[in-house]
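First up is the structure itself, then whatever we jot down about it.
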Protein chains: 2
Amino acid sequence: MATKDKILDTAERLIANQGFAATSLRQIIGEAGVNLAAVHYHFGSKEELLDQLILRKITSVNEQRIARLDALESEADGRPVPVDRVLAAFFEPMIETGSRNPQFVKVMARLQGEGLIPSIMQKHFRSTISRFVRALRLALPDVSQEEFFWRLQFMFGAMSRAVSDPVDFVPGMLKDERHEFSSVIRRLMVFLAAGFQAPASMEMPQEQEVQA
Amino acid sequence: MATKDKILDTAERLIANQGFAATSLRQIIGEAGVNLAAVHYHFGSKEELLDQLILRKITSVNEQRIARLDALESEADGRPVPVDRVLAAFFEPMIETGSRNPQFVKVMARLQGEGLIPSIMQKHFRSTISRFVRALRLALPDVSQEEFFWRLQFMFGAMSRAVSDPVDFVPGMLKDERHEFSSVIRRLMVFLAAGFQAPASMEMPQEQEVQA
DNA sequence: GTCTATACTGAGATAGAC
DNA sequence: GTCTATCTCAGTATAGAC
């Protein structure tokens with residue numbers, strides 16, 4: 001079974017550095033020293049390969065997330081868990097994984113950037129996310145359902161930038177500083193907690209907007 | 001020169017509906033009724049075609065943005081323009097464009113999802129964005145440079161979800177409601193204003209994180 | 001069950017005739 | 001400016017060796 005793991009490891013390394021679309025199966029099998037058809041034998045397709053690549057590492061992250069949330073909820077004993085606690089339970093397991101397995105986190109970042117996350121989320125995150133969505137919903141009783149829905153979208157959008165390579169919108173704004181993954185995630189949590197708890201935007205159904 | 005415009009219009013329609021990667025040049029030229037080589041004659045490459053497709057419509061949006069910001073700054077007369085005003089100047093021109101030209105906004109959304117925005121931003125947004133970044137920076141004197149930098153990243157991440165098709169993290173959470181583009185953008189502005197003005201996260205350089 | 005060799009289809013790109 | 005023909009490389013599929 002060395003072949004399967006050789007493929008997975010090589011693919012992980014290459015996708016982390018080049019992205020998924022830019023990494024061809026032929027490059028993977030070249031560097032892994034295996035045959036092209038072996039990929040399709042073991043995985044069926046390039047997408048399935050990606051899927052298994054993610055699955056073998058994301059599982060433990062999601063288990064940690066659920067465990068943290070379980071602990072918070074039993075501690076809260078029926079009352080809503082505060083937003084920042086829920087967010088911490090979700091994001092901090094990623095910090096630990098990131099320091100232990102930076103390659104894998106880079107892959108996830110690449111996928112975010114390439115827009116492949118929604119479908120992958122649906123597969124591997126669905127049950128985890130629905131737990132967290134419920135917890136967040138309870139913590140935010142004053143936010144309308146539709147506003148809450150969109151704030152979730154914004155959250156995952158912002159998250160994708162936290163794990164991706166930062167974009168230098170204004171060159172020279174940050175001269176090649178080290179961006180510690182853990183501190184970025186912590187900044188993200190602060191940002192999101194504030195966003196989630198913002199006062200509702202005026203709900204004016206299809207009215208004209210006002211000039212500033 | 002009808003050929004060039006036929007290509008651009010057809011490409012815009014197809015990319016809006018299928019995405020950039022999923023739309024082949026052969027499909028574009030098929031529906032446009034032109035020859036494959038014409039694309040490379042007029043644009044050079046598929047990416048260049050996309051580039052010109054964006055350029056022909058984004059210019060006016062960016063001009064509106066700058067005009068709005070100019071007005072705010074001269075009105076403020078040296079004092080910082082409040083965060084929410086700056087954000088409105090940036091996002092509201094998109095609302096107007098979205099109602100007048102939904103196809104184009106859908107293309108932008110697709111590109112966000114496919115991770116093609118960073119490079120495009122660099123080309124077409126650079127000067128506009130640096131103006132807005134400066135205005136935001138002045139409005140947020142208490143936020144550290146690094147925290148500000150990351151909040152910018154989060155902002156563009158969240159923005160990308162506002163224009164993309166929403167992801168149904170929890171199925172049935174919103175039964176096929178209409179998501180008015182303008183109200184989503186307004187929700188986004190509220191969310192971002194709160195995130196930007198959040199208290200700074202504790203700046204603890206490479207310390208252990210605390211268990212919750 | 002595992003893997004190799006090879007072939008198929010469709011993509012973007014290009015050279016050169018008109 | 002436009003079109004035909006062709007090139008290279010991608011993901012995929014299958015037949016058959018071990």
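Each chain gets a letter, A, B and so on, in the order its sequence line appears, and its residues count up from 1. Since we're looking at a predicted model, the values are computed, not measured.
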Query raised in the report: So is B/Arg65 actually on top of B/Phe90's ring, under 6.0 Å and inside 45° of the axis?
Result: yes
Query raised in the report: B/Lys46 has a side chain; which of C/dA13, C/dT6, C/dA5 sits nearest to it?
Result: C/dA13
Report task. Would you tell me if any nitrogen or oxygen in the side chain of B/Ser24 comes within less than 4.0 Å of OP1 or OP2 on C/dG10? Result -> no
Report summary line: In this structure, CD1 of A/Ile54 is separated from CG of A/Leu49 (nearest 0.5 Å) by 9.5 Å
Query raised in the report: Are OP1 or OP2 of C/dT2 and a side-chain N or O of A/Tyr41 less than 4.0 angstrom apart?
Result: yes
Query - base_contact_polar (C/dG12 base, B/Arg26 side chain, donor-acceptor, <3.5 Å) - result: yes
Requested in this report: Answer yes or no: does a side-chain N or O of B/His42 lie under 4.0 Å from OP1 or OP2 of D/dT2?
Outcome: yes
Query raised in the report: Out of D/dT4, D/dA13, C/dA13, which has the shortest distance to the side chain of B/Leu25?
Result: C/dA13
Query raised in the report: Counting only side-chain N and O atoms of A/His40, is one of them less than 4.0 Å from OP1 or OP2 of D/dT12?
Result: yes
Query raised in the report: Does the side chain of A/Gln18 come under 3.5 Å of the side chain of A/Thr23 through a donor N or O and an acceptor N or O?
Result: yes
**Report entry** A/Arg110 and A/Phe20, any side-chain heavy atoms less than 4.5 Å apart
**Finding:** no
Report task. Report the distance from atom CD1 of B/Ile7 to atom C1' of D/dG1, rounded to the nearest whole Å. Result -> 11 Å
Query raised in the report: So what does B/Ala38 touch, heavy atoms closer than 4.0 Å: a base, only the sugar-phosphate, or nothing?
Result: nothing
